[in-house]
**Student:** 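Right, I'll just put the structure down here and ask away after.
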Amino acid sequence: MAIQIHDTLAGEKVELHPIVPGKIGLYACGPTVYDHAHVGHARCYVVWDVVVRHLRARGLEVRYVRNFTDVDDKIIARANERGEEPVAMAARFADSFLEDMDAVGCLRPDAAPRVSGSIPGIVALIERLVTRGFAYAPGNGDVYYAVRKFPAYARLSRRNLDDLIAGARVDPGESKRDPLDFALWKAAKPGEPAWDSPWGKGRPGWHIECSAMTLEHLGAPFDIHTGGKDLVFPHHTNEIAQSVAALSEGLEPESFARHWMHNNFVEIDHQKMSKSLGNFFTVKDLLVRHDGEALRLLLMGTHYRNPISFTDTLLADAERRLAYLYETLEKGDQVAAGGAAAGEPAPWAEAARAALDDDFNTAAVLGILADAFTAANATADRKGKTPPPDREEMARFGRDARAVGAELGILQREPAAALLALREKAVARRGIDPAAVEARIAERTAARRAKDFTRSDTLRDELLAMGVVLQDGPAGTTWKVE
RNA sequence: GGCACCGUCGCCAAGUGGUAAGGCAAGGGUCUGCAAAACCCUUAUUCCCCGGUUCGAAUCCGGGCGGUGCCUCCA
């Protein structure tokens with residue numbers, strides 16, 4: 001096994017060596033749930049899902065933890081606007097998030113801790129940081145982390161402290177000793193969720209929750225910590241500072257998370273898609289008109305460390321491409337006719353796995369898949385000819401395609417069901433009445449039997465004008481929406 | 001301003017030293033009553049520009065130009 005991952009901490013691709021042989025602990029920074037998930041969230045969790053799936057396929061026992069940040073300034077602000085209780089509102093958006101991630105084919109994590117359920121661990125961690133001299137409580141109910149006590153502070157983000165000072169912010173009411181310091185615990189303000197602590201009622205600052213939840217659910221050190229690249233600074237930088245200061249005498253960042261992986265953004269008009277810019281599509285809105293698996297396919301078309309420009313064209317392409325993949329699978333199944341798939345995986349399937357070994361190069365895998373599917377179609381086209389297609393070869397293709405698909409989280413549905421689902425979305429999108437389509441097809445079939453090709457072509461043109469494309473085959477006429 | 005990243009065919013995109021995958025689009029063909037789908041063939045002597053290193057560079061180095069991200073809201 002030689003799996004390579006791009007490690008932000010090392011600044012280069014490194015070989016993945018599990019800390020405990022055969023096992024991987026992976027923590028994905030989860031969403032702050034104050035709104036529905038958008039396409040950018042879908043991208044990053046699809047990426048981590050492929051990581052988990054592939055590592056498991058390689059025989060590693062992966063423990064996958066993904067948190068929900070459900071206590072946070074933005075959540076409180078949004079809940080107050082809506083007159084809702086913050087933690088309850090966050091719980092609703094967390095449910096919504098899970099629905100959306102299911103729809104784009106993501107496996108549920110093994111543990112999904114929430115800040116609101118992790119307060120004792122957070123308080124204990126802060127106490128330890130205070131005891132060890134890395135944190136201080138100025139007496140106003142806040143607790144801050146003293147950044148300058150941690151020499152390796154900016155290693156992950158490759159900056160120097162003096163550059164950071166320019167951007168450092170001190171909010172009114174804060175009592176930081178140094179502008180770089182950040183809050184571990186915030187004194188309660190009226191109307192905010194609050195918990196008891198040695199420093200009075202309050203709530204965790206942003207960053208400390210992830211340290212507490214990783215330590216509780218994975219322990220330290222663990223193998224891989226992931227997140228969007230916008231989290232490198234300050235979130236992950238601070239997480240390392242907190243966790244390492246609490247844990248390690250040597251103060252080495254590796255004593256917390258061994259490796260850090262960061263995904264690039266989904267962009268709209270060459271700008272990062274984000275809630276704050278307001279240029280986002282929610283996954284929910286998209287799924288009304290489009291297939292979740294198609295969205296997943298789109299997201300895997302670019303390597304995770306490169307940006308993706310999200311466009312309607314790209315989504316339409318992905319939808320057509322997904323239909324092609326399932327049509328091929330369906331044809332392959334028909335040709336294989338229940339034949340058994342024996343023997344080793346085909347070379348292309350091994351090549352696909354090797355591409356995933358190389359920092360999860362999903363775009364390369366899709367290229368490999370394209371060749372295999374073209375070849376499968378060519379073989380299937382020999383149906384009824386001499387020599388006929390090799391049934392066993394087609395059975396192997398079906399098996400390998402589904403196995404590689406399983407690592408990507410695609411192609412796991414019954415082809416006929418998937419194609420019908422895709423058509424239903426398209427029908428809804430274009431306001432087509434399937435019954436009317438079927439009626440015209442019946443009329444056209446009658447015309448064709450009567451050799452009235454003028455009539456049959458007129459009917460076909462009318463359907464085409466509605467976006468319905470007909471395919472005449474030996475078993476009758478089928479249709480799809482272009 | 002500081003620190004990163006990116007610039008490959010009309011569009012999307014893989015490729016980090018060994019002589020440019022793949023998809024879409026386009027053109028030609030096979031099949032078909034005609035189509036559609038599928039398949040076959042064609043389409044970048046060249047990788048933003050200029051230098052350098054090397055037997056050899058899209059890949060490494062230096063300098064431009066263009067774009068993006070982060071610099072305490074962010075996946």
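Reckoned from all heavy atoms, side chains included, excluding hydrogens, waters and symmetry mates. To find a chain, count down the sequence lines: A is the first, B the second, and so on, and within it residues start at 1. Treat the numbers as computed from the prediction; the structure is a model and nothing was measured.
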**Student:** Could you give the CH2-to-P distance, from A:Trp348 to B:G22, as a whole number of Å?
**Tutor:**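 After rounding, the reported distance stands at 16 Å.
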**Student:** Which protein N or O atoms sit under 3.5 Å from an N or O of nucleotides 23-29 of chain B?
**Tutor:**
from  : atom 1 : to       : atom 2 : distance (Å)
B:G23 : O3'    : A:Arg321 : NH1    : 3.4

**Student:** Base, sugar-phosphate, or nothing: which does A:Val266 touch, judged by heavy atoms less than 4.0 Å apart?
**Tutor:** base
**Student:** In terms of the angle between their ring planes, are A:His235 and A:Trp206 parallel, tilted or perpendicular, with boundaries placed at 30° and 60°?
**Tutor:**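 If you compare the ring of A:His235 with that of A:Trp206, the planes turn out parallel.
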**Student:** Applying a 3.5 Å limit to both distances, which nucleotide forms a Watson-Crick or G-U wobble pair with B:G1?
**Tutor:**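 B:C71 is the nucleotide pairing with B:G1.
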**Student:** Could you say whether A:His38 or A:Ala378 is positioned toward the 5' end of RNA chain B, judged by the nucleotide with the nearest heavy atom to each?
**Tutor:** A:Ala378
**Student:** Contact class for A:Arg444 vs. all strands (heavy atom < 4.0 Å): base, sugar-phosphate, or nothing?
**Tutor:** base
**Student:** Work out how far the P atom of B:C11 is from that of B:A36, and round it to whole angstrom.
**Tutor:**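 Straight-line distance between the two P atoms is 27 Å.
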**Student:** Taking any heavy-atom pair under 4.0 Å as a contact, classify A:Val232: base, sugar-phosphate, or nothing.
**Tutor:** nothing
**Student:** Name the closest nucleotide to the A:His270 side chain, picking from B:G69, B:U68, B:C74.
**Tutor:** B:U68
**Student:** Which one is paired to B:G62, where only Watson-Crick or G-U wobble pairs with both distances under 3.5 angstrom count?
**Tutor:** B:C50
**Student:** Validate the cation-pi geometry between A:Arg460 and A:Trp479: distance from NZ or CZ to the six-membered ring centre under 6.0 Å, angle to the ring axis within 45°.
**Tutor:**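 No, A:Arg460 does not lie over the aromatic ring of A:Trp479.
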**Student:** Taking atom types as modelled, is there a side-chain donor on A:Thr477 or A:Asp472 under 3.5 Å from an acceptor on the other?
**Tutor:** yes
**Student:** Write out all pairs satisfying side chain to side chain donor-acceptor pair (under 3.5 Å) with one or both partners inside residues 106-116 of chain A, taking only residues at least two apart or from two chains.
**Tutor:** A:Arg56-A:Asp110, A:Asp70-A:Ser116, A:Asp102-A:Arg108
**Student:** For A:Glu443, which of A:Arg449, A:Arg455, A:Arg448 qualifies under salt bridge (charged side-chain N to carboxylate O under 4.0 Å, His left out)?
**Tutor:** A:Arg455
**Student:** When you get a sec, tell me which of B:A75, B:A36, B:A38 is the closest nucleotide to the side chain of A:Cys44?
**Tutor:**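 For the A:Cys44 side chain, the nearest candidate turns out to be B:A75.
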**Student:** In whole Å, measure the gap between the C1' atoms of B:U8 and B:G66 for me.
**Tutor:** 16 Å
**Student:** At under 4.0 Å between heavy atoms, what does A:Phe265 touch on the DNA or RNA strands: base, sugar-phosphate, or nothing?
**Tutor:** base
**Student:** Could you state the CG-P distance from A:Asn238 to B:C71, rounded to the nearest angstrom?
**Tutor:**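 So the two atoms are 12 Å apart, to the nearest Å.
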**Student:** If you draw the axis of the six-membered ring of A:Tyr136, does the NZ or CZ of A:Arg177 fall within 45° of it and under 6.0 Å from the ring centre?
**Tutor:**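 So A:Arg177 does make the cation-pi contact.
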**Student:** Write down the distance between CG (A:Asn264) and P (B:C5), rounded to a whole number of angstrom.
**Tutor:** 12 Å
**Student:** A:Asp457 has an atom CG; how far is it from atom P of B:G33, in whole Å?
**Tutor:**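 Value for this atom pair: 12 Å.
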**Student:** Separation of A:Leu9 atom CG from B:C3 atom P, in whole Å?
**Tutor:** 20 Å
**Student:** Before accepting this row, confirm whether a basic side-chain N of the pair A:Arg92/A:Asp95 lies closer than 4.0 Å to the acidic partner's carboxylate O.
**Tutor:**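 A:Asp95 and A:Arg92: not salt-bridged.
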**Student:** In whole Å, measure the gap between the C1' atoms of B:A21 and B:C47 for me.
**Tutor:** 14 Å
**Student:** Starting from P on B:A75, measure out to CG on A:Leu231 and report it in whole angstrom.
**Tutor:**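 That distance rounds to 7 Å.
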**Student:** Tell me whether the side-chain N or O atoms of A:Arg460 pair up with the base of B:A35 as donor and acceptor below 3.5 Å, since no angle test is needed here.
**Tutor:**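 In this structure, the two groups form a donor-acceptor pair.
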**Student:** Expressed as a whole number of Å, how far does the P atom of B:C24 sit from that of B:G18?
**Tutor:**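 Straight-line distance between the two P atoms is 28 Å.
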**Student:** In whole Å, what separates the P atom of B:U43 from that of B:G10?
**Tutor:**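 Straight-line distance between the two P atoms is 15 Å.
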**Student:** So which nucleotide does B:U16 pair with, by the Watson-Crick or G-U wobble rule with both distances under 3.5 Å?
**Tutor:**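 When the pairing criteria are applied, nothing turns out to pair with B:U16, so the answer is none.
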**Student:** Searching all strands shown, indicate the nucleotide that pairs with B:A57 (Watson-Crick or G-U wobble; both distances under 3.5 Å).
**Tutor:** none
**Student:** Using atom names, set out every protein N or O paired with an N or O of nucleotides 9-14 of chain B below 3.5 Å, distance rounded to 0.1 Å.
**Tutor:**
from  : atom 1 : to       : atom 2 : distance (Å)
B:A14 : OP1    : A:His303 : N      : 2.9
B:A14 : OP1    : A:Asn306 : OD1    : 3.3
B:A14 : O3'    : A:Asn361 : ND2    : 2.8

**Student:** Considering only NZ, NE, NH1 and NH2 on the basic side and carboxylate oxygens on the acidic side, decide whether A:Arg78 and A:Glu84 come within less than 4.0 Å.
**Tutor:**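 Judged by the 4.0 Å cut-off on N to carboxylate O distance, A:Arg78 and A:Glu84 do not form a salt bridge.
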**Student:** Would you please confirm or rule out a distance under 4.0 Å between OP1 or OP2 of B:C70 and any side-chain N or O of A:Lys272?
**Tutor:**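 Yes, such a contact exists.
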**Student:** Heavy atoms under 4.0 Å, any strand shown: does A:Gly40 hit a base, just sugar-phosphate, or nothing?
**Tutor:** base
**Student:** If the test is ring-ring contact (aromatic ring centres under 6.0 Å, His included), which one of A:Phe265, A:Phe280, A:Phe281, A:Tyr45 qualifies with A:His38?
**Tutor:** A:Phe280
**Student:** Suppose you measure atom P in B:C9 against the same atom in B:A20; what distance do you get, rounded to whole Å?
**Tutor:**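 The same atom, P, in both gives a distance of 16 Å.
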**Student:** Do any side-chain nitrogens or oxygens of A:Trp206 fall under 4.0 Å of OP1 or OP2 in B:C74?
**Tutor:**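 Looking at the OP1 and OP2 atoms of B:C74, one of them is under 4.0 Å from a side-chain N or O of A:Trp206.
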**Student:** Using the P atom as the reference point in each nucleotide, state the distance between B:U16 and B:U59 in Å, no decimals.
**Tutor:**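 To the nearest whole Å, 12 Å.
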**Student:** Using whole Å, report how far NZ of A:Lys331 lies from C1' of B:A36.
**Tutor:**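 Atom-to-atom, A:Lys331 to B:A36, this comes out as 12 Å.
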**Student:** Below 4.0 angstrom, N of the basic side chain to O of the carboxylate: do A:Glu462 and A:Arg444 qualify?
**Tutor:**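 Salt bridge absent between A:Glu462 and A:Arg444.
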**Student:** Verify the ring-centre separation between A:Phe256 and A:Phe222: is it less than 6.0 angstrom?
**Tutor:** yes
**Student:** Say you pick atom P in B:C5 and the same atom in B:G62; how far apart are they, in whole Å?
**Tutor:** 12 Å
**Student:** Does the gap between the ring centers of A:His36 and A:Phe93 come in under 6.0 Å?
**Tutor:** yes
**Student:** Just compare B:C74, B:C70, B:A75 and give me whichever is closest to any side-chain atom of A:Arg159.
**Tutor:**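 Side chain of A:Arg159 sits closest to B:C70.
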**Student:** If you find the nucleotide of RNA chain B closest to A:Leu180 and the one closest to A:Lys13, which residue's nucleotide is nearer the 5' end?
**Tutor:**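 Whichever sits nearer the 5' end wins; that is A:Lys13.
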**Student:** Taking the six-membered ring for Trp, are A:His236 and A:His225 ring centroids under 6.0 Å apart?
**Tutor:** yes
**Student:** Considering only B:A38, B:A36, B:G33, which nucleotide approaches the side chain of A:Phe453 most closely?
**Tutor:**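 Comparing B:A38, B:A36, B:G33 against the side chain of A:Phe453, the answer is B:G33.
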**Student:** How many whole angstroms separate atom CZ of A:Arg305 from atom C1' of B:G69?
**Tutor:**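 Whole-Å distance recorded here is 15 Å.
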**Student:** Using purine N1 to pyrimidine N3 plus N6-O4 or O6-N4 for Watson-Crick, or N1-O2 and O6-N3 for G-U wobble, each under 3.5 Å, what pairs with B:A38?
**Tutor:**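 The answer is B:U30, by the H-bond criterion.
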**Student:** Look at A:Asn263 and B:A75 and indicate whether a side-chain polar atom (N or O) is within less than 4.0 Å of OP1 or OP2.
**Tutor:** no
**Student:** Applying the Watson-Crick and G-U wobble criteria at under 3.5 Å, what pairs with B:U45? Answer none if nothing qualifies.
**Tutor:** none
**Student:** Once you apply a heavy-atom cut-off of 4.0 Å, does A:Arg448 come out as touching a base, just sugar-phosphate, or nothing?
**Tutor:**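 Base contact.
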